Amino acid sequence: MSASLPGGRDLDQAIAEGRRAYELDRKHVFHSWSAQAQITPMTILATEGSYVWDGDGNRLLDFSSQLVNTNVGHQHPKVVAAIAAQAHKLATVAPQYVNDARSEAARLVAERTPGDLNRVFFTNGGADAVEHAVRMARLHTGKVKVLSRYRGYHGGTDLAVNLTGDPRRFASDRGAQGVVHFNGPFLYRSVFYSTTEEQECERALDELRRVIELEGPGTIAAVILESIPGTAGIMVPPPGYLAGVRALCDEFGLVMIADEVMSGFGRSGKWFAIEHGATEAGPVVPDLITFAKGVNSGYVPLGGVAISEAIAATFADRAYPGGLTYSGHPLATAAAVATLNAMADEGIVENAARVGAEVIGPGLAEIAARHRSVGEVRGTGVFWALELVKDRATREPLAPYGGSSAALNETVAACKKAGLLPFANYNRIHVVPPCTVSDDEARAGLEILDDALSVADAYTD
Ligand SMILES: Cc1ncc(COP(=O)(O)O)c(C=O)c1O
């Protein structure tokens, strides 16, 4: 237990306040994605940099970046100061009015996005960004269907969760949103019986072509996919895949939507993960990019859609039928301006790339060699997944698809007990610290993970 909290806050008092917060939470707060009576949520008293303090005052290294959003770390002083300054200057304003925070945030996002994605429509988060991107694509093309990949996540609202290609969709699947799913590349669990990345790429593109042809290109507005699927497993696409999707969209007149809500703004070691898809022919430029999370590290809710000139032109003399009271909220966009400037000034994207290449990647490879529960390690930047398996030969997951298991729960508990807050999903543990994580912090976290994985090993065959 540490003596005091960041900012010199009295620890005993903070713990007492945290206990009251917990009691009130259990009485009155309804939690996301949870059976309300079965959870014991962790209280967080304070955060700073790569660390959080739990309700007992224990310091934990945050290898989750919360929900993979605190890309500049916790309580970044420049972002906190920008929010406070903006609150004093102009705390809120309706979306029809020009304000400097939103204009500058839009300029900075447009500057970072590839190609001619020069316009930005701001939303409150990722799911509504996806909803609006699809609406734009439908109105732009005059078509309805949207193809999205299995093993992907696009948000919790009705359309976004129907676009989602993982078990979070099942309870809300209406089968009537114009959504058609397809299989993307995932060599470790290849549905195409591939044995190499080249085969997987070629076969996944063949599959997408088949789906487009069989569904009828004249009925399809868009293809949406995460440039690197995040919560569904951090499967970095094989070289050529994203360029191949772009080519199919061009061939059949479909809008390509890259969902960068999780993968954007430094997470993958580049500003946008789509940059990893560049080939000798050049960069891959989608028509729309959805973003949220890292754009302002989640300090104030913000998302958005970066829009190509061609799609923006569709709404030049025709009203775009959509909006939000808080589109481009000044506190959120001021936080974005401070975040994006800090990222550039402090070399935060470069740090993510370097720590991934020099510390996390090699460290996880060593861990995989030591633990028979680790079936595969994959990722880039500060965006890594460990696939935990019961048996390396059969690749049977250590928790069922869409569920958890004693093996995973106990491994996560062992991490927390030793001072590491990991991100776990089904049979996977993700290593997704802030992009600002230092080499020493990354090494310290990997050491804890290394020890905790002996718990998972005990569940292997
Ligand atoms: C790729 C992707 N898209 C969309 C969303 C939804 O974002 P939000 O939770 O801000 O609505 C998420 C959230 O994790 C995401 O990872």
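Start at 1 and go down the list; that is how both ligands and their atoms are numbered. It should be emphasised that the depicted structure is a prediction, and the values quoted were computed from it without experimental measurement.
- Side chain to side chain, Asn124 and His329 fail the donor-acceptor criterion of an N or O pair below 3.5 Å.
- Within the set Gly126, Gly125, Gly156, the minimum heavy-atom distance to atom 7 (O) of ligand 1 is found for Gly126.
- Side-chain contact, His154 with Thr164: no donor N or O sits under 3.5 Å from an acceptor N or O.
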Point to revise | Phe291/Phe272 under ring pair (Phe, Tyr, Trp, His ring centres under 6.0 Å): CA gap, chis, key distance, verdict | key: CA-CA 10 Å; Phe291 63 86; Phe272 290 98; 7.4 Å; no
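- Side-chain polar atoms of Ser404 and Asn409 form a donor-acceptor pair below 3.5 angstrom.
- Residue contacts with ligand 1 leave out Glu260, since none of its heavy atoms falls under 4.0 Å from the ligand.
- Checked options Lys145, Arg210, Arg209; the residue passing with Glu215 is Lys145 (criterion: salt bridge (charged side-chain N to carboxylate O under 4.0 Å, His left out)).
- Closest to atom 2 (C) of ligand 1, if we only count protein heavy atoms, is Tyr153 O, 3.3 Å.
- Using a 30° and 60° split on the angle between ring planes, Phe423 and His430 fall in the parallel class, below 30°.
- Of the candidates Glu131, Arg168, His154, Lys293, it is Lys293 that places a heavy atom closest to atom 13 (C) of ligand 1.
- Any N or O atom pair closer than 3.5 Å counts here, and Thr231 shares no such pair with ligand 1.
- Between the Ser34 side chain and the Ser32 main chain, a donor and an acceptor come within less than 3.5 Å of each other.
- Given atom 5 (C) of ligand 1, the protein heavy atom at minimum distance is Val261 CG1, 3.7 Å.
- Assignment of Asp259 to the shell around ligand 1 is supported, since a heavy atom sits closer than 4.0 Å.
- In summary, the atoms of ligand 1 found under 4.0 Å from a heavy atom of Glu226, numbered by their order in the structure, are 1 (C).
- With a 4.0 Å cut-off on non-hydrogen atoms, Ala127 touches ligand 1 through its backbone as well as its side chain.
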